[in-house]
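Structure, as structure tokens:
The chains referred to below are lettered A, B, ... by the order of the sequence lines, with proteins before strands, and numbering in each begins at 1. This is a predicted model, so every value here is computed, not measured.
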Amino acid sequence: MSSEVLTDAINGLAAIILLTSIVLVASKRMRSLVRTFMIQSLALGMFAAVVAYYTGADHIYIVAVLTIALKVFVIPYFLEYTIDKIHVKKEIEPLVGIPMSLLICAGLAFVGYYVSEPIIASGDAITKNCFAISLAVVLIGLFLMISRRKAMTEVIAILVIENGIFLGAISITYGMPLIVEIGVFFDVLVAALIMGIFAYKINRTFETLDTTFMRRLRD
Amino acid sequence: MLIELLILMPLLLALLFYFLNGRHWVEMLTVVASFASFIIAIMIGVDVAGNGPISYWLWYIDSLSVFMLGIITFVSLIVSVYSVSYIGHDYSEREIGISQVKMYYILLQLFIMSMLVVVMSNNLGVMWIAIEGTTLASTFLVGFYEKDTSLEAAWKYIIICSVGIALALFGTVLTYASSIEVLGESSDALNWTTLRDIAPLLDPTFLKIAFIFIVVGYGTKVGLVPMHTWLPDAHSQAPSPISALMSGVLLNCAFYGIIRFFIITEIRVPGFAPDIMLIFGLLSLIVAASFIMIAKDFKRLLAYSSIEHMGIVCLGFGLGGFLGIFGALFHMLNHSLTKCMMFIGAGNILQKFNTRAIDEVKGVATVMPITGAVFLLGALAITGSPPFGAFLSEVIIMQAGINSGSYLIVALYIALLVIVFAGFMYHVTKMVFGNPTEGVSKGEIHKFSLVPMLVLLVMVLVIGVFMPAELTDFLEDVARIVPGGSP
């Protein structure tokens, strides 16, 4: 493959990652949230694989395989299992309306590009454009975290933030040392499991997953 | 060899506890193992003092790591002994079952293990993994009682800290990126020692942005304002031994992460990192002082006091110079010992009065004379009154501020310390004196819990009155690692 095709593929996949995070913000149902997250993770895994092919850095292939295995299969499967088990009401109930949310996301994408301008200018790696997208995805993840009420959406938001950071890590550094990557994956997996268990316990105790009911601890 | 032993021991114990059934065996092994860890930490410390930093594979241990190791293993020992009393009481009151007791000790070991990895790893990525590991291991401990309030605290804890830690990962990635043009994609480019050696060549733009992400990220776990909101909830809802461990050790561990990045940033772009530390330090002091004034729950009072003290440590690093850094390190030690003692006292009061509300606790001195006395002395110690250790370190940091000519900051610092003292003593004297709340029987809750409390009291007194020359020499040695920390 010529390098032009590869560059197109890299940019295209990064664009899919950004678009899916905006779709996540627009999702009204829990299940479509998990599905969209799966697509985003698949795009991230493929992104890693293309970067690995382009740079010849073998250890990024392992990152790609781990991303797809954990974030496309294991974690979404576990989240869907939890959602099924607690018979949660499937609607998301955003605190900020969806049209407004989308506008804010567009603004956040601009912020990502604006902030990363000086960093992109100084570098030469072909993936550096993706750094702006990774910042935008992290910001959108943070917005998703604060604007949705269900405990499960908070879990997805953290996973989206982590996807954004992985995109950034691959695009500006071609991936971190392998031992670190594996450790990070392990932590993400365990964190998702623990959060799932707590979502279950919260639902059992409060009879809802709505975190706005958790207001007992205050000064 | 000793390093691996120190890390494998808690891991193996956790596994063993899973299969073990007797409560007394688990308790005894916990105490014996934490004592052994303390001895091993001292042996490592002697080795480092004699032969210089140890560095191989993933590990790097210099005197800063030894300092943290000492705090972690010692406070863990104290907490292990206290856990026997505290968890034993809950078990005999039938608040928790045997499986929960076992889970407590298993998670305690994993929690301690991940903190040990934090301070011994050379690789900044591994350090990140371990700090996230401390959150994962302690979440179930925060939500241990499975009540609505403890679940709320645990949920806030894991969500807020995970987001914070994710930002710290971003900072770590950016630091790694700043080294790529110098080192290429070598696998040891995330090693702290490598980064320190090539620090003058790193990309300053990346490094500055990275440091901000690191302070916000790890600062979430340190409890710096405005990322502190999980801290009072988690500290008040966790079982008291865990509160002591979190406040006395976990906050220091996260701070240790910031210090490592602080050193690298300070070598490349001097003056940038201290300014950020000053801002967060002052902000934490101001907010903590206001919440201490209006506290209604005595465990939350102690939690806000932890935020205040982390603010003081930040201020020490921000003011810089030998005195600032020496004072900040010394203050970390004093805070750990004193706060651990206070949380043990608070645990005894909580189990006796069955409430966390300050208004409902009266006459601790009459009901539990020793706990009451230690709690009162502890309150004096933690607010920085002479002759306790925290007084010395707070004065040293003040002197650092005067030396650097930041009179406005010093004035603000003193005013806030006075406010904290007034607020704290107002609440504590109300609790300790007066006629006991009705329906509370006299007598100490558990004689065994007095031992760790008195040991800590003697230690903060000895440090405050005599300030052993060995400790001063050692802390000077640690301060030398930080740029500008040479006397």
Checklist entry - Of the options B:F140, B:W155, B:Y157, which is the one that meets A:F198 in a ring pair (Phe, Tyr, Trp, His ring centres under 6.0 Å)? => result B:F140
Next on the checklist: Surrounding CE of B:M293 (heavy atoms of other residues, nucleotides or ligands, distance under 6.0 Å), is the total greater than 12?
Outcome noted: no
Checklist outcome for this item: Closest heavy-atom pair, B:V142 versus B:M246, reported as atoms and distance to 0.1 Å, is CG2-CE, 3.9 Å
Next on the checklist: Which atoms of A:I197 are under 4.5 Å from chain B, going by heavy atoms: the side chain, the backbone, both sets, or neither?
Outcome noted: side chain
Item to check | Part of residues 153-161 of chain A lying next to chain B, heavy-atom separation under 4.5 Å | outcome: A:E154, A:V155, A:I158, A:I161
Checklist entry - Tell me the salt bridge (charged side-chain N to carboxylate O under 4.0 Å, His left out) pairs involving residues 44-55 of chain A, sequence neighbours left out? => result none
Checklist entry - With only heavy atoms counted, which part of B:L124 is less than 4.5 Å from chain A, the side chain, the backbone, both or neither? => result neither
Item to check | Check: B:T135/B:K221 side-chain N/O donor and acceptor closer than 3.5 Å | outcome: yes
Checklist entry - What residue, out of B:V173, B:D297, B:V126, has the most heavy-atom pairs lying under 4.5 Å from chain A? => result B:V173
Next on the checklist: Is B:A153 close to chain A through its backbone or its side chain, or both, or neither, when contacts mean heavy atoms under 4.5 Å?
Outcome noted: both
Checklist entry - Is it the backbone or the side chain of A:L142 that comes under 4.5 Å from a heavy atom of chain B, or both, or neither? => result side chain
Checklist entry - Mind checking what makes side-chain contact (heavy atoms from CB on, under 4.5 Å) contact with B:T193, not counting sequence neighbours? => result B:Y60, B:N122, B:N191, B:R196
Next on the checklist: Set out, in order, the CA-CA distance, both residues' side-chain angles and the distance that settles ring pair (Phe, Tyr, Trp, His ring centres under 6.0 Å) for A:Y53 and A:Y61, then state yes or no.
Outcome noted: CA-CA 8 Å; A:Y53 180 80; A:Y61 280 118; 7.7 Å; no
Item to check | Counterpart residues, salt bridge (charged side-chain N to carboxylate O under 4.0 Å, His left out), relative to B:R300 (two or more places apart) | outcome: A:D219, B:D233
Checklist entry - Is the ring centre of A:Y81 less than 6.0 Å from the ring centre of A:Y200? => result no
Item to check | Options A:I194, A:V190, A:V180, A:D187, ranked by heavy-atom pairs under 4.5 Å with chain B, top entry | outcome: A:D187
Next on the checklist: If I measure from the heavy atoms of chain A, does B:Y304 come under 4.5 Å with its side chain, its backbone, both, or neither?
Outcome noted: side chain
Next on the checklist: Here's a test for you: under side-chain contact (heavy atoms from CB on, under 4.5 Å), which of A:I165, A:N163, A:I133 qualifies with A:V138?
Outcome noted: A:I165
Checklist entry - Can you say whether B:I209 sits under 4.5 Å from chain A via the side chain, the backbone, both, or neither, judging by heavy atoms? => result side chain
Next on the checklist: Can you tell me which portion of B:F291 sits under 4.5 Å from chain A's heavy atoms? Options are side chain, backbone, both or neither.
Outcome noted: side chain
